[in-house]
Amino acid sequence: MMSTTLSVLADSTLITFVFALAAIGLAVVFGLVGVINMGHGAMLTLGAYFTWYATTSGVPFVPAVLASATSVAVVGLVLEHFLIRHFYDRPFETLLLTWGFFLITTELIKIVFGTDLRTVTNPLPGAFDLSVVTLPAYETIVAAISLGILLVLALVLFKTSTGIKIRALVQNPEVASLLGLNVGLAYKNVFVLGSFLAGLAGALISPMLSVDPYIGNIYLVRSFFVVIVGGIGQVLGGTLVGSFIIGGSETFFALFAGQVLAQTIVFVLAIVVLRFRPSGVLRPR
Amino acid sequence: MNNVKMSYHQHSMNRRSALRTMAIGAGVAGASLSMPGVLRFAGAEAPIKVGLISPLTGAWTVYGKAHSAGFELAVDEINAAGGVLGRKIEIIVGDSKTEPRIVVEQANRLIRQEGVDFLAGTFSSAERNAAGPVVASANKVLLYPTFYEGQEQKYYPGVCNKNIFMFGPEPTQQVWPHMEYMTKQFGKKFFMIGSDYVWPRVTNEFTKEKLKELGGEVVGEVYIPFNTPQYESALRQIRDAKPNIIFHTLTGSDTVNFRKQFVAAGMNKEFALWTVDDEEVVTTGLGPDVSAGAFVSFDYFMSIKNPNNEAFLNRFRAKFGKNALMNTVGVAMYNAAHMAALAITKTGKVTTEGLRDGLKDLEYDKAPQGEVKMRGLDNQMVLPSYLMKVRQGWTGVGDMFEEVRHLDSVTPADARCKSLPL
């Protein structure tokens, strides 16, 4: 009983952090610059494919991951510079633009990389056996990196002048620009950061999943739920709480219900939460 | 009353399309009058049209290539040899987008707009079940290639349908022949994990039936919704249930997701895993580290050694490249095209009845997996059955599977339909 409880807790923690990793890029872009990035899934997919390409070309895993995330950031930069920045005040148009980006990217991936299932070798096979619970080694590291990213983001947002500028921007862009803040540049940085995080998530998740042109979609819908349930704008706490409700809690439901029912309960729970707290768990009012 | 109206409607439809065909025919004839004689002769025989429904986009795109390639290769061969009854075969492709809803649209389009003579394809059981009502009402034959759950009346018209012919194996061919061997080797406690739809659920029902006969038990049964990224709960349930054999019917990318996490947790060293889904395409996606040691059973593998298969693979690689992947489904599509051509030649009629009569009890000895036969009783193919083990450190499809045992020809249990023969 004790070991079951512990292993459920461990599993749920792992899932929560993996989900948080997948959703954080979306949360940053959505929460800080208000762009509903439907291309988030495609950015995850790109990160995974770049990693597959780099590792099969002989690049070691860690540099491959960093290069992939950076490449996706560059893609995000191009997207932002030529399209998104002209539409920041029109959320519906950015939604359509990013959706278009998703469709085009997915088809390009199929053309360039093909539709076969690809595989990225697990760089850290095996499990940590802690006698009461066994933790898959690689996933544990990924969860730890996810936690690290959340902490670094928290530091940047709340302890640095860049963070203050961005928060000022979120609160009131007009006043912030009157005070001499380069709004365009700040938005661009945030969008590129979001793209980098999405690419990093795709790269880090790739050894755990099948790399196919739809790998990002698995996480896109879930990431949206994470962001909305957690609370839009609540970039860090919201993402964690949302990830737990959408991902981690499933482990508990799966204890007494089948997987199908457990996943259904999770989404029902998400809807109930939104009914009573339409702006998310962590948003007052 | 409804029936009468329906059949009248169809009748008028047929007459209308017949009129249209005649009008087009007249136009073609008129045009060809001005052409030299030789060309006019060549244009006189219209091709036999086949509607090919493949998952070319969507979740099961990975399977779509072998699926359509098998059929295309066979049609090329038939046409190169002069066609059927002097007519060429023309393929008209419909993309199912891996969605049953689209299958209905495509089947209707191919039959009503393109006027195809018969249909081949659909991939999953859900897709076939979606096409069932269409081919039943339009009275067209569907040649279905995929390993599937067997025929039971309650899933009519997706199965137990006289117009649907099954070219792939069902559980009493794919699973039953190897159960005694597997339980003797590893033990009698099964844990079943599968995707949440009809094929895994019914396949597991069949497997349980045989397992009970052998004195075994099912210690856990889990169904996973499509596109599930995380498998911690399922893995814990398996660990707690302590099975001897994990019986695996997950499909597509979920297979890969589960297996990667299964191996990452080190569980491949503790449990034997038997999959009835992971052919060459998925096993390639799994990679050698993740797939090694798993048991797989099918009617066909690329690594089967026989003259038919060798010749088949040479032709396949010549057309689709030396790294192209083939599998049980693609080979079933290949057999389906050749056997349909033989059936039409036999009866001399390109009609639904002609095709149906010709396919009944038709034997085909050029099949890549060996000699096969379409059983007339229930439109189910009699096939070989192979149990393979994935080799440690394999490098490609050539050395991916190591044969454990095989049966040359397995006659399936009779379909559980209301009335047989179909």
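Each chain gets a letter, A, B and so on, in the order the sequences are listed, and its residues count up from 1. This is a predicted model, so every value here is computed, not measured.
- Within the 6.0 Å centre-distance limit, the rings of B:Tyr334 and B:Phe312 are counted as a close aromatic pair.
- In this structure, the side chains of A:Met43 and A:Asn37 come closer than 4.5 Å at one or more pairs of heavy atoms.
- Taking the six-membered ring where the residue is Trp, A:Trp52 and A:Tyr49 present perpendicular rings, their angle passing 60° and hence far from 30°.
- Tested against B:Val329 for a side-chain contact (heavy atoms from CB on, under 4.5 Å), the candidates B:Phe147, B:Tyr63, B:Tyr300 yield a single pass: B:Phe147.
- Looking at B:Asp196, only its side chain comes within 4.5 Å of chain A, counting heavy atoms on both sides.
- With a 4.5 angstrom heavy-atom cutoff, A:Phe128 does not touch chain B via any of its atoms.
- Residue B:Leu325: no heavy atom, backbone or side chain, is found under 4.5 Å from chain A.
- Taking 4.5 Å as the heavy-atom cut-off, the residues of residues 207-219 of chain A that approach chain B are A:Pro207, A:Met208, A:Leu209, A:Ser210, A:Asp212, A:Tyr214, A:Ile218, A:Tyr219, ordered by number.
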**Study point:** From CA spacing to verdict: salt bridge (charged side-chain N to carboxylate O under 4.0 Å, His left out), B:Glu221, B:Lys208
**Key:** CA-CA 11 Å; B:Glu221 189 173 355; B:Lys208 278 186 223 167; 2.7 Å; yes

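- Only the side chain of A:Leu255 has a heavy atom closer than 4.5 Å to any heavy atom of chain B.
- Comparing A:Leu14, A:Asp116, A:Asn122 by how many heavy-atom pairs each has under 4.5 Å with chain B, the most go to A:Asp116.
- B:Thr57 and B:Asp95 are linked by a side-chain donor-acceptor pair at a separation below 3.5 angstrom, with hydrogens and angles left out of the test.
- For chain A, no part of B:Arg259 is nearby; none of its heavy atoms comes within less than 4.5 Å.
- Between A:Phe224 and A:His40, the ring center distance fails the sub-6.0 Å criterion.
- If you tally non-hydrogen atom pairs under 4.5 Å between each of B:Thr284, B:Thr228, B:Val222, B:Val281 and chain A, the highest count goes to B:Thr228.
- At least one side-chain heavy atom of B:Met302 sits under 4.5 Å from a side-chain heavy atom of B:Leu313.
- Under a 4.0 Å N-O distance rule, the pair B:Glu99/B:Lys97 does not qualify as a salt bridge.
- Heavy atoms closer than 4.5 Å to chain A are found nowhere in B:Lys269, neither backbone nor side chain.
- Of the listed residues (A:Thr121, A:Val120, A:Val8), the one with the most heavy-atom contacts under 4.5 Å to chain B is A:Val8.
- Annotation: side chain of A:Val266 is in contact with side chain of A:Ser249 (closest heavy-atom distance under 4.5 Å).
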